[in-house]
Amino acid sequence: MEYRRHEQPGCGGCFLLLLLLIFLSGGAPLLFDFFGLLLFIILFIFLSGIAAFWAFTYYVKRQISAYEKSQTETHNTFVHLLVNILVKIAQVDGKVTRDEVKTIRHFFQYNLRYSQNQLFWIKELIKEAMVSTASLDALLQEFRQKFAYEPRLILLELIYQVLYSNEEVSQAELQLAENIGNYLGISSYDQRSFAARYKAGYRTGAQAGEVGEDKYYAILGLAPGANFAEVKAAYRKLSMQYHPDKVGHLGAEFKKVAEEKMKEINNAYEFLKRKLGQ
């Protein structure tokens, strides 16, 4: 038989002993005073918690309002539609998991480098999107009506980034991204560019260096072995599409996305130019 140590006894009766001591030393009036003080302390803690929660909520709403007022209507509409579209994509399977919401929030925090005030706003937009009755088709239709080709490319790029922030991407999710690209009028070339880039294992940042020199072809939307004429044509096309000035009206963070994209495009072009001896 296994030996088990005996635990220290609890003090479940200590409170009763304390009440008995109060009763014996001061009688019933003192006992009532004790219960009154105890009730006051409990009520004070409860009301303080409510007041603290209200104060924090008020602070967050003021921060959100101030941030929205500091941005253009175009920027706010773009982010609002982007969040709603991403949430609707997550809802395609009938539910939105905590991991999916976390992925969307992390995307804005780490990919777009949002500040705490901006993240308060994104959290509120996600909550609103979760209960919104707007369909994905209606959101995409509004997006297509309000934004030109270059912002549509940014949207599709961000959709792929969010999808590939998960360890596994299903064929259904890839098909949905392709359908969205078709609906937005994204050319077949540009869609192949996205598909080649991500199927080749291309991500952003440090992960991009993990796939070898083929990543440079993938960045330009080309298959490995493309000749210099194809590389040059792809470079010129992408340079026009991702020029930061074309998306500057969407806000500083999306202009930054375009700038980083241009750096990747330039690096890929210079590498392949040297490799092909041009």
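Remember, predicted model here, so these are calculated numbers, not experimental data.
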Under 3.5 Å donor-acceptor pairs involving side-chain atoms of residues 77-90, not counting sequence neighbours:
unit_1: Thr77; atom_1: OG1; unit_2: Glu73; atom_2: O; d: 2.8
unit_1: His80; atom_1: NE2; unit_2: Asn84; atom_2: ND2; d: 3.4
unit_1: Asn84; atom_1: ND2; unit_2: His80; atom_2: O; d: 2.8
unit_1: Lys88; atom_1: NZ; unit_2: Gln91; atom_2: OE1; d: 3.4
unit_1: Lys88; atom_1: NZ; unit_2: Ser132; atom_2: O; d: 2.9
unit_1: Lys88; atom_1: NZ; unit_2: Ala134; atom_2: O; d: 3.1

Could you pull out all residues at least two apart from [X] that satisfy side chain to side chain contact (heavy atoms under 4.5 Å, CB included)?
X	value
Thr57	Phe53, Lys61
Ile50	Phe46
Phe271	Glu213, Tyr216, Arg274, Lys275

Side chains of [X] and [Y], heavy atoms from C-beta outward: is any pair under 4.5 Å?
X	Y	value
Lys146	Pro151	no
Tyr149	Ile186	yes
Tyr114	Gln109	no

Can you see which heavy atom on Met262 is nearest to which on Pro244, and at what distance?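 So the minimum-distance heavy-atom pair works out to CG-CD, 4.0 Å.
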Please report the closest heavy-atom contact between Gly251 and His75, naming both atoms and the distance.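 So the minimum-distance heavy-atom pair works out to CA-CD2, 3.7 Å.
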Please confirm whether the backbone N or O of Phe147 pairs with a side-chain atom of Arg152, one donor and one acceptor, at under 3.5 Å?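 Flag set: sc Arg152 to bb Phe147 pair under 3.5 Å.
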Using the side chain to side chain donor-acceptor pair (under 3.5 Å) criterion, which residues pair with Lys102? Sequence neighbours excluded.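 With sequence neighbours excluded, Lys102 shows a side chain to side chain donor-acceptor pair (under 3.5 Å) to no residue whatsoever.
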Mind checking what makes side chain to side chain donor-acceptor pair (under 3.5 Å) contact with Gln141, not counting sequence neighbours? none
Could you state the interatomic distance from [atom1] ([X]) to [atom2] ([Y]), rounded to the nearest 0.5 Å?
X	Y	atom1	atom2	result
Leu220	Glu264	CG	CD	10.5 Å
Leu156	Tyr160	CG	OH	5.5 Å
Leu125	Met130	CG	CE	13.0 Å
Lys261	Leu153	NZ	CG	9.5 Å

Not counting sequence neighbours, list each pair that qualifies as a salt bridge (charged side-chain N to carboxylate O under 4.0 Å, His left out) and has a residue in residues 251-260.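 Of all non-adjacent pairs touching residues 251-260, those that pass salt bridge (charged side-chain N to carboxylate O under 4.0 Å, His left out) are Arg113-Glu260.
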Compile the donor-acceptor pairs under 3.5 Å between side chains in residues 176-184 and protein atoms, sequence neighbours left out, one pair per line.
unit_1: Asn179; atom_1: OD1; unit_2: Gln175; atom_2: NE2; d: 3.0
unit_1: Asn179; atom_1: ND2; unit_2: Gln175; atom_2: O; d: 3.3
unit_1: Asn182; atom_1: OD1; unit_2: Gln191; atom_2: NE2; d: 2.8
unit_1: Asn182; atom_1: ND2; unit_2: Glu178; atom_2: O; d: 3.4

When you look at Tyr269 and Ile219, which way does the side-chain contact (heavy atoms from CB on, under 4.5 Å) test go after all the steps? CA-CA 9 Å; Tyr269 176 71; Ile219 288 172; over 6 Å; no
Would you list the atom pairs, donor with acceptor, under 3.5 Å between side chains in residues 223-236 and any protein atom, with sequence neighbours excluded?
unit_1: Asn227; atom_1: OD1; unit_2: Ala229; atom_2: N; d: 3.1
unit_1: Asn227; atom_1: OD1; unit_2: Glu230; atom_2: N; d: 2.9
unit_1: Glu230; atom_1: OE1; unit_2: Asn227; atom_2: N; d: 2.9
unit_1: Tyr235; atom_1: OH; unit_2: Asn266; atom_2: OD1; d: 2.9

In terms of hydrophobic clustering (I, L, V, M, F, W, Y; side-chain heavy atoms under 4.5 Å; direct or indirect links), are Phe56 and Ile64 co-clustered? yes
Which residues share a ring pair (Phe, Tyr, Trp, His ring centres under 6.0 Å) with Tyr110, sequence neighbours left out: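 By the ring pair (Phe, Tyr, Trp, His ring centres under 6.0 Å) rule, Tyr110 matches His106.
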For the pair Asn117 and Gln63, evaluate side-chain hydrogen bond (donor to acceptor under 3.5 Å, both in side chains) and give the outcome as yes or no after the intermediate values. CA-CA 6 Å; Asn117 288 344; Gln63 294 298 103; 3.0 Å; yes
Could you list all the side chain to side chain donor-acceptor pair (under 3.5 Å) pairs where at least one residue sits in residues 118-130, not counting sequence neighbours?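 As it turns out, the side chain to side chain donor-acceptor pair (under 3.5 Å) pairs with a partner in residues 118-130, which skip direct neighbours, are Tyr67-Gln118, Glu68-Trp121, Ser115-Gln118.
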How far apart are the C-alpha atoms of Ile126 and Arg105, what are their side-chain angles, what is the distance that settles it, and do they pass the side-chain contact (heavy atoms from CB on, under 4.5 Å) test? CA-CA 9 Å; Ile126 292 174; Arg105 291 178 61 186; 3.4 Å; yes
If you link ILVMFWY side chains whenever their heavy atoms are less than 4.5 Å apart, which other residues fall into the same cluster as Trp54? By chain and number, please.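 Members besides Trp54, by chain and number: Tyr58.
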